[in-house]
Enquirer: 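Pasting a structure here, questions to come.
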Amino acid sequence: MKLRNILLAGVLAVGFASCDDYLDVESPSRFDFDYVFSSKDDAKLALNGLYAKMLDGNLWGDKLLSKFTPNSDLEFASSSKELANGNEYRRFDMDREHGDANLWKACYSGIEACNIFIDKIRNSEYYAEDDAEFLQMLGEAVVIRTMFYHELTWYYGDVPFSLEPAYNRSGKDQELFPVVDRHEIIDTLIQDIIKVAPDMKFAEENGGSDRASKEFAWAQIARLAMTCGGYSLEPDEANPTSYGKMERLTNYTDYYKIAAEYCDSVITSGKHSLTKSYIQVFADECKGSVAATNDDPIFEIPFTKGNSGNIGYIQGYKVDAPDDATTSSVTTYGKDDSGARLHPLARFLFDSEDARRDYIFAMWKYSNKGVPSFEPNAYTTYNGKWCKLWGPARGKDSEGNTGINYPYMRYADVLLMYAEAINELEGGVAGPNGDKAKAALTAVRERAFKNSANKADKVDAYVANAASTQDTFLKAVLDERFFEFAGENMRWRDLVRNNIYGKTIFYTFLRMLAVAEVTGAANGFNDASAVVSLYDTNGATDEKWDNVPPLVYTELDVYTNLNVDWFPNTEVDMLHIFNLYDRNRPSDVKKYKAETMYEKWVTGDGYPSNEVLYSMFGYVHADEYGNVSIVENGSPRAVNNVPSTFPVVRYLMPYPQSQIQDAAGAYVNHYGY
């Protein structure tokens, strides 16, 4: 990997006080290899350049929440291709020719920028004098660097690693970084943050949640430790055709202890809470408001309006490019692509009183004239968590570059990581820290059911019941993460960490196939529970599938705003839907339009559609007759019942071919690539 030309900083402008305030970003051309920061202004400008590296469209502003989010029971992209395509990462259909060079380069560009900055700051006179501002800037750079490396280890496994800038490596700026085991990488990163965190400031002292702070450093230590302590896909070097094996370190509990310790540091600091409603947290981001330093967001990636970030453009209610002649209030917000979507059955797993459900799952779109209509694509659901409609009108011509911040780290994540770590360490929550673990889960759930008429049952009784065994508590925590982090690229990582990704994908596929088969055979869902109950539905009750409506009824020509909490725009027209979550029919059907949904999962001949059969092609698929095959080491094998064990999911990508060529054989792909 040649790093000679990697830049220290971008040429973007980055806002920190708000999405409309811009700061200059220093260009690397000012600094030769012998330069050290002789003024704080130089260092601050260069530090801004590190934040600018996060804004690459291949990272958190777009691709990490769309193209690089593999399918699960939560995030989802459908596919109708019945043959291997080789470049569809989301359905686990990759070959050695399609390792994504853009993601790789974006991460290493950020890493090298951080390496240079850290080297320069450590050689400055201010660092030698223990200047508090320089120590804070050093801490920010160290934490930012871990973000890039963490993504690389999740997508590629063991990767080239160095904490030195290229020009310091034996004086050769083209020397290759050696490939290092991901656990060694993450352990090194953890220790790196532990060293700098004591000298960092809390967010309230450092300008807000869009700068790396002490509590973010602690939370990032915990996230890295949870990754290192969990399962991961490891190469079988003796068998080139093998997809690998799921393993965890023998001393994995050491990392869960680290995670619990640093989550506890965040919790006991008292710097964060879940005071705002779930909806308000994300709606405020869409309005361009940097989050208060004492609420859910711990660290937000600071995108800039008009310059960077597609948050709220790749999510939200779909809005077609407006017709210039239309004056609808909707069209003043511009186009919304809404390509980062959710699984079409995920919404049925939410409790009906959960405030997150109706906000997250956006069930209609807007025409170029601003008229709402039911979304006809039954294979995915829009994600309303971020939406341009929640912020200020941006004009008819606006599209991406929304400048909406992305909450990379939230307090809710810290609480649930703590609960999961304690449950693992203490064999359940009857031990010395069990009450704190239960309180952490309760805090997240309580916000979601704050206005529930049955709050005591949905929160206190729910958590008490979950606490009965280690397994039930883990399931409750992972379920809560499912409900809490929809669209935030966490679900598949949670499943991998606990070695249940393959099982979850398999049952999710069977659930889709069962709904399709019942639709085709019975022209409705009368026997849905009978079909789905043939399989373990991963905690879903039969009743949930009994209630899946065969037809959805939308009110004709009535588009007034209902002024409900889950649609935080009181001026835009809404579609009135009678029965999204039950099989009821309105008494006067003439006032409604009957909309089909899951009938589209079946062809005219009564067979499951290609989207049902092939959207998880690289792991599990079926033929048109419903004969299921699961893929093991690249070879599909027929399964007639639930396997006793599940093959690994090849969620890792191959190294980019360009990097293998540049390395002249030093980098070698595994995992059947």
Side-chain angles (χ1 to χ4, degrees), residues 62 65-66 76-78 279 282-283 285-288 305-306 309-342 344 347 357-404 486-487 551-581 591-597 600:
D62 193 319
L65 302 181
S66 54
F76 194 71
S78 62
I279 294 169
F282 301 100
E285 288 174 342
C286 296
K287 292 173 183 175
K305 187 169 68 177
N310 282 336
I311 304 298
Y313 175 72
I314 60 173
Q315 301 94 354
Y317 289 76
K318 183 177 176 61
V319 181
D320 291 337
D323 182 341
D324 289 338
T326 301
T327 58
S328 165
S329 60
V330 178
T331 60
T332 62
Y333 290 84
K335 180 182 177 182
D336 202 327
D337 181 66
S338 307
R341 302 188 185 182
L342 303 173
R347 61 195 177 96
R357 184 189 70 172
D358 292 341
Y359 175 66
I360 289 171
F361 295 98
M363 301 304 297
W364 64 82
K365 66 176 184 176
Y366 292 91
S367 71
N368 63 351
K369 297 185 182 299
V371 178
S373 62
F374 194 70
E375 167 53 52
N377 180 0
Y379 302 110
T380 56
T381 304
Y382 299 135
N383 176 9
K385 181 171 281 186
W386 298 278
C387 183
K388 290 169 67 177
L389 298 179
W390 309 155
R394 301 165 184 270
K396 288 187 175 184
D397 295 330
S398 72
E399 295 190 8
N401 290 330
T402 63
I404 297 172
L551 295 175
V552 170
Y553 292 88
T554 61
E555 197 166 0
L556 291 169
D557 303 322
V558 178
Y559 306 124
T560 56
N561 193 291
L562 297 175
N563 197 19
V564 288
D565 291 342
W566 53 264
F567 194 86
N569 185 323
T570 59
E571 298 178 354
V572 169
D573 292 337
M574 298 174 62
L575 186 69
H576 297 188
I577 304 177
F578 180 80
N579 61 324
L580 266 178
Y581 292 96
K591 292 182 179 180
Y592 293 85
K593 179 182 178 182
E595 309 274 6
T596 61
M597 283 194 69
K600 296 177 182 178

Enquirer: Return the minimal non-hydrogen interatomic distance between C387 and D336, and the atom names on each side.
Expert: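 Looks like SG-OD2, 4.0 Å.
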Enquirer: With side chain to side chain contact (heavy atoms under 4.5 Å, CB included) as the test, would you mind laying out the steps for W390 and I279 before giving the verdict?
Expert: CA-CA 10 Å; W390 309 155; I279 294 169; over 6 Å; no
Enquirer: side-chain hydrogen bond (donor to acceptor under 3.5 Å, both in side chains) with D323: which residues, sequence neighbours excluded?
Expert: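 Scan of D323 (side-chain hydrogen bond (donor to acceptor under 3.5 Å, both in side chains), adjacent residues dropped) gives K369.
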Enquirer: When V572 is tested against each of P372, S329, S328 for side-chain contact (heavy atoms from CB on, under 4.5 Å), which residue passes?
Expert: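 With V572 as partner, side-chain contact (heavy atoms from CB on, under 4.5 Å) holds for just one option, S329.
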Enquirer: Evaluate side chain to side chain contact (heavy atoms under 4.5 Å, CB included) for V330 paired with Y317, printing each intermediate quantity in order.
Expert: CA-CA 11 Å; V330 178; Y317 289 76; over 6 Å; no
Enquirer: What's the spacing between Y553 OH and E595 CD if we round to 0.5 Å?
Expert: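 Taking OH in Y553 and CD in E595, the distance rounds to 10.5 Å.
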Enquirer: Can you see which heavy atom on L580 is nearest to which on M363, and at what distance?
Expert: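 Where L580 meets M363 most closely, the heavy atoms are CD1-CG, 3.6 Å.
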Enquirer: Can you sort out the partners of Y581 under ring pair (Phe, Tyr, Trp, His ring centres under 6.0 Å), two or more places apart, ordered by chain and number?
Expert: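 Ring pair (Phe, Tyr, Trp, His ring centres under 6.0 Å) list for Y581, sorted by chain: F348.
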Enquirer: Of all the heavy-atom pairs spanning M597 and V552, show the shortest one and how long it is.
Expert: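 Taking every non-hydrogen atom into account, SD-CG2, 3.8 Å.
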Enquirer: With sequence neighbours excluded, tell me which residues meet salt bridge (Lys or Arg N to Asp or Glu O under 4.0 Å) with K388.
Expert: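 In terms of salt bridge (Lys or Arg N to Asp or Glu O under 4.0 Å), with neighbours along the sequence ignored, K388 is linked to no residue.
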Enquirer: Please report the shortest heavy-atom distance between F567 and D573, naming the atom on each side.
Expert: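 Heavy atoms of F567 and D573 come nearest at CZ-O, 4.4 Å.
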Enquirer: Side chain to side chain donor-acceptor pair (under 3.5 Å) with R341: which of T381, T380, N383?
Expert: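 Looking at T381, T380, N383, the match for R341 under the side chain to side chain donor-acceptor pair (under 3.5 Å) is T380.
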Enquirer: Would you say that Y333 contacts V319 through its side chain, given a criterion of any heavy-atom pair below 4.5 Å between the two side chains?
Expert: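 Heavy-atom side-chain distance check fails, nothing below 4.5 Å.
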Enquirer: Could I get the full list of side-chain hydrogen bond (donor to acceptor under 3.5 Å, both in side chains) partners for E555, not counting sequence neighbours?
Expert: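 E555: side-chain hydrogen bond (donor to acceptor under 3.5 Å, both in side chains) contacts with H576.
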Enquirer: Ignoring hydrogens, what is the shortest heavy-atom contact between N561 and E571? Give both atom names and the distance.
Expert: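 That would be ND2-N, 3.9 Å.
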Enquirer: Between atom CD of Q315 and atom SG of C286, what is the distance when rounded to the nearest 0.5 Å?
Expert: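 Between atom CD of Q315 and atom SG of C286 there are 8.5 Å.
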Enquirer: Do S398 and Y313 have side chains that get closer than 4.5 Å, going by heavy atoms?
Expert: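 With C-beta onward as the side chain, the pair stays apart.
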Enquirer: Write down the atom of T402, the atom of N310, and the distance for their closest heavy-atom approach.
Expert: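 Smallest heavy-atom distance, with atoms named: OG1-C, 4.0 Å.
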Enquirer: With sequence neighbours excluded, tell me which residues meet side-chain hydrogen bond (donor to acceptor under 3.5 Å, both in side chains) with Y366.
Expert: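 Once residues adjacent in sequence are excluded, the partners of Y366 under the side-chain hydrogen bond (donor to acceptor under 3.5 Å, both in side chains) criterion are W364.
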Enquirer: Test of understanding: with ring pair (Phe, Tyr, Trp, His ring centres under 6.0 Å), list the residues that count as partners of Y382, not counting sequence neighbours.
Expert: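 Applying ring pair (Phe, Tyr, Trp, His ring centres under 6.0 Å) to Y382 gives none.
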